[in-house]
Amino acid sequence: MRHSFRGQLAMALCLSGLLAGCASDQEKIDAIHALNQGFQVEYEKLLVEKGTRTYAASRAEAFVAMRVALAQLGMRTEQQDLAIGHLAVAANAPLPLTDEEWRIASQADLPLLRKIISPYVGVAANFVQFEPAGLEVVIHATFVDSAKGSEISLTVRLREIAAARSGWPRREYVSPHVLTLGIDKIFTTFERELSAAQRR
Amino acid sequence: MADEDFPDALPARYRLHWYVVERVLGQGGFGITYLAHDTNLDRRVAIKEYLPTEIARRRSDASARPRTETHNERYAWGLERFLAEARTLARFDHPNIVRVLSVFEANNTAYMVMRFEEGEDLATLLDRRGTVPEEQLIACLLPILDGLQLIHASGFIHRDIKPENIYVRQDGSPVLLDFGSARQSFGSPKTMTILVAPGYAPLEQYYGDPKSQGPWTDIYGLGATCYRAIAGRAPLDAIARAKGVLGSTRDILQTASEAGKGRYSEPLLAAVDHALQLSERNRPQSVIEWRREISPPASAPTVAECQGSETATPAADSAARTSEPRDPSRPPRSGRPYVWGTVAGVLALTTAAAYLGSKFRGTSEIASTSADASLHAAPVEIPVVTRASSPVATPDLSNPTLSESAPGRSEPPSSAAAPPVATIVPAVRDKAQAARPEVLLSRVGAERPRTVPLAAAPGAAKVLDRPSSPSAAAPSTSSPSPSSTLALSSPSLPAPVASVPTLTRRPHDEQLEAAEAALQRGDTLAAVRILEPLASEGVAQAQAMMGRAKEARSQGQHSDFEAYVWYSIAARVGEMGAAAARDKLAPKLQPAEIRQAERIVERWKLRSPSTASNNPEKGSP
């Protein structure tokens, strides 16, 4: 179902057919740059607030529980190294959100999106949508020992599946509501898994 | 308009790429340091400009030019040294070593961009306060020792440690400054100017013989700095002390133990006296060794205590310190015996000084005036002759037999004639070891070409490149050149690869070589398997190679993050090339990812190797 949903939507994020038809390449490039920068600001702020949590668990316990939690959310492990405390997972967007969660969160971010790109693409900004097609979500989780147990930190980035067009920037930052929802969902799943593991 | 006090300086608001000059911070004989604004990153930086006013001047178009054509060669050589020093310093990423952010050439000169530190130098602080309490002194000293250990481990020595070159930040943490860009690069064609700080430079620096210098040289400078903080005055100049030894068979320097008795703990005072031994062989030979004498492991204070309170009482602080049993493996401290061992060496030194005096009237007062030299705030300049090859008679202060023969020599010991290689010179003691190619290979980071092992130390490579130049072929005929060090070496000794770091072959070198071979053939998994335990145990070279392996494995996946982490861990302990590799990767990571990585690196040092290596879940699935 997810694939058919995606199939109905045009290319990734905002640079949909409408935008393509109404703006020059340079305007679109500028818009993507602006979007990356604008979302980065929000992204960094949100990560400071929500991206790091500390749990009363050993680093190894936290590491394993997080890996299981992310797998439960459909993410595949790309890199893992308990020695340095790093786990990288990836999956096609909108994972780890469901389609519905993605849609709701994206809608909430549309005003910000349009505000950022309208100086570059004008009225076309009103017709763009966030689309997950052609994108992967990559999550880095890091684990360090702390006085209270383990400190877990998450970062999220988008990775375009298609080959890059020469001179075109790539979307990298997820929108604020998508990020918030995703982080909360991951930590909630993790906490559940950690509790279960500790009970075992 | 240029600052009236600094007529050669660039004017305020002058733009150098994306740096905008705000004002002059200071000017020395070799350049001007500016406060500038980095408009890209919106932060303040300090920019050091190479402008040796003795031989160069500013033109109306802001470019720097040698004053005359005869200065061209020396200007160019100094510029090369400036750049080499900047590139060397840029390798060190340590909170207590001045951080070089960038270096670039413009206006026919070069600029070194450094992190701007706010605070004051230790000399100013000591001028104001006279002495500092023991805990504050230790709080300043230990971080500097950390930084110095990194420098020495990387094969370099600072050679100009003194209170003026230790900056105390506003938060009280110290930072070691001024690695002496382009020092020794000026003077008349047949002389070499050595700059030494009276009171802070050990005897071996007056010889200008790089072979006799090493970590113990910096330890003397630090010991002298401590002495200044304890006694309220700099120690007597080493030459003056040597004269005193010659005349009275006892050191004329009041010991730190005497000067600080009752106000500082005995172990600290004894350690300072140990560091100030005239003969380098009687001093601690490494920072680690000296640190053991100074600081019991459990009592290290925080850096925030370094600046301390202006009203703190020294006596109260010393009571809290405890003594640590001396390492039995270390030779017993000699106390006064060095005096006798030094007498013969001083004979040789005096002969050398007399020779210099006859050769260069007016500038040869090193022996006759140096008793007062410690009163001078500014460094003294000592012209010495650059010569073609001659037999080596390196003064050995601990060997009367050798030095007794020195007075009979008609010429100064070659060590007196040998120019210092560089202000930052590799810490080499064992020349034979230094020349062993396998030792070099084992030291050289994997990213460095194995066929050109000297690339491990760019500054060194430049020195060793010199023999191929025309000036190197005739070192006595032109301006000072580091190559003359090679020409002056003794034929009876192994090749003096004076600028190459020395390390013994370590047990894990074979593993590193196997990992390198795996990397070369593209088998990164095998390389990681070999490297991982070594990296977890703290072997810096293995950590840097882990970075390479991760980077090589990336191929679209996100190993860049792990590569960044490993490079950063290696860079923390000064592994050459790791910082540059890390910085190259940085643009691929988000700022938030870099923060994540830095957090891992920050915590890494707190973890035990056994914990780190206990990693059942490793690598890609």
Side-chain angles (χ1 to χ4, degrees), chain A residues 36 39-48 50-52 58-60 63-64 66-68 71 75-90 136 138-147 150-161 163-164 170 172-174 179 183, chain B residues 528-529 531-538 542-543 546-547 549-551 553-570 587-621:
Chain A
N36 273 336
F39 278 5
Q40 182 185 354
V41 172
E42 298 299 318
Y43 171 84
E44 297 283 350
K45 272 195 290 193
L46 280 169
L47 281 187
V48 169
K50 295 172 171 288
T52 302
S58 71
R59 198 157 50 88
F63 186 93
V64 171
M66 180 59 82
R67 199 181 66 168
V68 172
M75 309 299 291
R76 67 177 183 278
T77 302
E78 286 199 338
Q79 293 290 325
Q80 55 177 335
D81 191 337
L82 178 55
I84 62 172
H86 172 241
L87 177 63
V89 296
E136 282 187 331
V138 180
I139 297 169
H140 289 283
T142 56
F143 309 80
V144 297
D145 298 320
S146 79
S150 296
E151 179 188 292
I152 303 175
S153 177
L154 297 178
T155 54
V156 183
R157 62 160 61 218
L158 295 176
R159 181 164 68 194
E160 289 185 15
I161 298 168
R170 297 191 142 227
E172 183 175 332
Y173 291 94
V174 293
L179 177 68
I183 285 180
Chain B
V528 167
R529 273 197 295 271
L531 292 169
E532 193 229 339
L534 296 176
S536 295
E537 285 166 17
Q543 291 164 347
M546 278 290 279
K550 293 290 182 181
E551 198 177 353
R553 286 194 69 196
S554 187
Q555 297 170 346
Q557 295 190 330
H558 279 259
S559 296
D560 286 342
F561 181 94
E562 291 182 7
Y564 184 95
V565 168
W566 282 116
Y567 284 140
S568 299
I569 290 170
K588 294 183 179 179
L589 303 183
Q590 296 173 351
E593 290 169 347
I594 288 176
R595 281 200 304 275
Q596 274 184 309
E598 298 295 348
R599 189 85 178 105
I600 289 174
V601 175
E602 194 180 292
R603 303 298 296 180
W604 175 265
K605 64 178 179 181
L606 303 175
R607 293 161 48 186
S608 69
S610 58
T611 306
S613 60
N614 180 20
N615 183 20
E617 316 213 18
K618 182 74 191 167
S620 296

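Letters A, B, ... mirror the listed sequences (proteins, then strands); counts begin at 1.
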Tell me the closest heavy-atom pair linking A/S153 and B/Q596, and the distance in Å.
O-NE2, 2.9 Å

Rounded distance [0.5 Å steps], NE2 in A/H86 versus CZ in B/F561:
4.5 Å

Grab the two heavy atoms, one from B/I600 and one from A/I84, that are nearest each other, plus how far apart they are.
CG2-O, 3.2 Å

Please evaluate residues B/R599 and A/E151 with respect to the criterion salt bridge (Lys or Arg N to Asp or Glu O under 4.0 Å), reporting the C-alpha separation (whole Å), side-chain torsions for both, the decisive distance (0.1 Å), and the verdict.
CA-CA 10 Å; B/R599 189 85 178 105; A/E151 179 188 292; 2.7 Å; yes

Please determine whether side-chain contact (heavy atoms from CB on, under 4.5 Å) holds for the pair A/E44 and B/R595, giving the CA-CA distance in whole Å, both sets of side-chain angles, and the decisive distance to 0.1 Å.
CA-CA 11 Å; A/E44 297 283 350; B/R595 281 200 304 275; 2.7 Å; yes

What I want to check is whether the side chains of A/Y173 and B/Q590 have a donor and an acceptor closer together than 3.5 Å.
no

Does the side chain of B/R603 come within less than 4.5 Å of A/R59's, by heavy atoms?
no

Which value, rounded to the nearest 0.5 Å, describes the distance between A/T142 atom OG1 and B/E562 atom CD?
11.5 Å

With a 4.5 Å heavy-atom cut-off, do A/Q40 and B/P591 have their side chains touching?
yes

Where on A/V156 is there a heavy atom nearer than 4.5 Å to chain B: the side chain, the backbone, both, or neither?
backbone

When every non-hydrogen atom of B/S559 is compared with those of A/Q79, the smallest separation belongs to OG-NE2, 3.0 Å

Between NE2 on residue A/H140 and CD on residue B/E593, distance to nearest 0.5 Å
4.0 Å

Hey, are the side chains of B/E602 and A/V144 touching, using non-hydrogen atoms and a 4.5 Å cut-off?
no

